[in-house]
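Read through the structure below, which is laid out as structure tokens, and then see the notes.
All figures in this text were calculated on a predicted structure; none of them were measured in a lab. Chain letters run A, B, ... following the sequence lines, proteins first, then strands; residues in each count from 1.
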2 protein chains.
Amino acid sequence: MTTGEQGVPPLDPSELGAYFVLTEAVSLLQYQVEQQLRAEGGISYVQFQLLARLAHLDGPLTMTELADGVVYSRSGLTYQAGLLEKAGLVTRGPSPEDDRVTLVAVTADGRALVERVLPGHVQVIRRLLFDPLTDDDLHHVADIMTRVRDHMRTQPPRSAAPRRSRNSPSA
Amino acid sequence: MTTGEQGVPPLDPSELGAYFVLTEAVSLLQYQVEQQLRAEGGISYVQFQLLARLAHLDGPLTMTELADGVVYSRSGLTYQAGLLEKAGLVTRGPSPEDDRVTLVAVTADGRALVERVLPGHVQVIRRLLFDPLTDDDLHHVADIMTRVRDHMRTQPPRSAAPRRSRNSPSA
DNA sequence: TATTGTTATACTCTATAACTATA
DNA sequence: TATAGTTATAGAGTATAACAATA
């Protein structure tokens with residue numbers, strides 16, 4: 001059967017299988033990680049990422065810097081920062097250098113939370129992801145996914161649809 | 001409280017790197033896939049999965065069967081099925097064999113939507129995931145992640161909190 | 001004018017529990 | 001009693017656009 005208007009070759013079974021199992025495995029992992037963070041720290045994965053980043057860098061970050069790598073919209077980060085601030089895990093304050101920016105810093109409580117939650121977090125990852133893998137597997141995965149990641153990061157965003165001109169939108 | 005305090009060894013840099021790059025890459029991929037499906041079909045990834053599954057199997061499924069593999073709560077599936085039905089992409093009807101179950105079937109429109117969206121879907125996956133990989137890489141990823149997936153599936157759910165570990169966990 | 005961040009708002013999705021009805 | 005599914009509802013998260021303040 002001819003696929004698509006531009007003759008896009010279909011994925012062969014190997015590719016399909018790799019794609020499905022990759023997303024399925026990561027999805028399962030993410031779910032378990034979310035559960036652990038929620039149970040032991042009462043925070044979401046995103047909140048953990050923000051706290052861990054601030055705790056690791058050991059200096060305040062601007063909202064924009066904090067958003068980098070965490071794909072949020074600005075308003076999304078404002079929302080999350082608001083939650084964390086209300087919980088006493090971060091503080092927000094003005095910058096002496098640029099009156100437009102807000103500096104975000106971890107509090108002692110925030111730091112303590114990260115440290116309390118981290119062992120369980122590591123345990124989940126180790127148990128689910130690394131236990132069934134050899135050192136060789138580990139390096140393969142890291143190498144391969146690094147290439148994929150770098151490739152994606154250099155790709156043009158291209159968020160627009162390549163075709164879609166013919167049919168009316170669904171429903 | 002110190003919950004995971006069994007002397008959990010920290011992840012070494014190799015492990016941490018592998019974990020981060022794996023989740024980051026998949027996260028980027030999922031985002032792009034969502035964009036494509038939304039732009040070209042007006043549906044979410046979950047909705048696409050449900051439609052694709054029904055279209056592939058070519059026979060109606062019960063709500064419970066349809067939920068399998070898509071980790072939803074029943075109510076979540078009811079919600080999604082309601083959206084798809086309202087959009088004319090699936091139908092829901094009674095089963096002649098068991099009056100408790102609801103049979104879900106794809107409509108012609110639903111099938112057409114899957115076919116319209118699939119080439120772009122494949123294109124995104126190929127461009128982002130497979131382009132930077134060799135055949136060898138592909139098989140490595142599939143093999144490794146299959147082991148991880150199978151390992152996770154056989155792990156006890158362990159959704160409960162690690163506190164109360166002294167007491168009998170059953171109910 | 002461009003940038004930083006907030007707010008207002010609307011929407012999507014998910015989870016829980018109560019409920020109906022069948023088996 | 002157990003199972004299939006729906007509903008009601010509440011909550012988390014996200015996205016967009018309008019906005020104010022500063023560079």
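- Close to D:dT16, at under 4.0 Å from its OP1 or OP2, lies no side-chain N or O of A:Ser73.
- Each of C:dC13, C:dG5, D:dT6 was ranked by its minimum atom distance to the side chain of B:Met63; first place goes to D:dT6.
- In this model, the phosphate group of D:dA4 is approached by a side-chain N or O of B:Arg74 to a distance below 4.0 Å at OP1 or OP2.
- For the side-chain hydrogen bond (donor to acceptor under 3.5 Å, both in side chains) condition, the pairs that include at least one residue of residues 103-113 of chain A, sequence neighbours left out, are A:Asp58-A:Arg111.
- Atom C1' of nucleotide C:dT7 and atom CG of A:Leu77 are separated by 14 Å, given to the nearest angstrom.
- The line from CD of B:Glu15 to CZ of A:Arg126 is 5.0 Å long, rounded to the nearest 0.5 Å.
- Taking the side-chain hydrogen bond (donor to acceptor under 3.5 Å, both in side chains) definition, one finds that B:Asp131 meets it with nothing, sequence neighbours left out.
- Comparing C:dC13, C:dT4, D:dT6 by their nearest atom to the side chain of B:Gln80 picks out C:dC13.
- When rounded to the nearest whole Å, the span between OH of A:Tyr45 and P of D:dT14 equals 13 Å.
- The CD atom of B:Glu85 lies 7.0 Å from the OG1 atom of B:Thr91; values are rounded to the nearest 0.5 Å.
- Rounded to an integer number of Å, the gap from CG of A:Leu37 to C1' of D:dG13 is 16 Å.
- Note: CG (B:Leu50) to P (C:dT14) measures 10 Å, nearest angstrom.
- Heavy atoms of B:Glu34 sit nowhere under 4.0 angstrom from any nucleic acid atom.
- In this structure, B:Ile43 atom CD1 and C:dT12 atom P are separated by 15 Å, rounded to whole Å.
- Axis deviation across the helix from C:dT1-D:dA23 to C:dA23-D:dT1 amounts to 0°, comparing end segments of five pairs, rounded to 10 degrees.
- Note on A:Thr78: a base of the nucleic acid sits closer than 4.0 angstrom, heavy atoms only.
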Please determine whether salt bridge (Lys or Arg N to Asp or Glu O under 4.0 Å) holds for the pair A:Arg116 and A:Glu40, giving the CA-CA distance in whole Å, both sets of side-chain angles, and the decisive distance to 0.1 Å.
CA-CA 8 Å; A:Arg116 193 174 86 233; A:Glu40 292 184 35; over 6 Å; no

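- Here B:His140 pairs with A:His140 under the ring pair (Phe, Tyr, Trp, His ring centres under 6.0 Å) rule; sequence neighbours left out.
- Contact annotation: the side chain of B:Thr62 never approaches that of B:Thr102 to less than 4.5 Å [non-hydrogen atoms, C-beta and beyond].
- When the nearest nucleotides of DNA chain D are assigned to B:Leu103 and A:Val46 by heavy-atom distance, the more 5′-ward of the two goes with B:Leu103.
- For A:Gln47, a side-chain nitrogen or oxygen approaches OP1 or OP2 of D:dG13 to under 4.0 Å.
- Ranking C:dT12, C:dT4, D:dT6 by closeness to the B:Tyr79 side chain, first place goes to C:dT12.
- Atom-to-atom, CZ of A:Arg38 to C1' of D:dG11 comes out at 10 Å; the value is rounded to the nearest Å.
- The ring pair (Phe, Tyr, Trp, His ring centres under 6.0 Å) search around B:Phe130 returns none, not counting sequence neighbours.
- With A:Gln47 contributing its side chain and A:Ser44 its backbone, the two residues share a donor-acceptor pair below 3.5 Å.
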Under the salt bridge (Lys or Arg N to Asp or Glu O under 4.0 Å) rule, what do B:Arg53 and B:Glu65 come out as? Steps first, then yes or no, please.
CA-CA 11 Å; B:Arg53 182 145 184 227; B:Glu65 288 166 346; over 6 Å; no

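- B:Leu83 comes within contact range of the sugar-phosphate backbone alone, with a heavy-atom separation under 4.0 Å but no base atom that close.
- The side chain of B:Arg92 contributes an N or O atom lying less than 4.0 Å from OP1 or OP2 of D:dT6.
- What separates CD of A:Gln49 from C1' of D:dG13 is a distance of 14 Å, to the nearest Å.
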Listing time: all N or O pairs from protein to nucleotides 17-23 of chain C that are below 3.5 Å?
from	atom 1	to	atom 2	distance (Å)
C:dA23	OP1	B:Asp99	N	3.1

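- Following rounding to the nearest Å, B:Leu84 (CG) and C:dC13 (C1') show an atom-to-atom distance of 14 Å.
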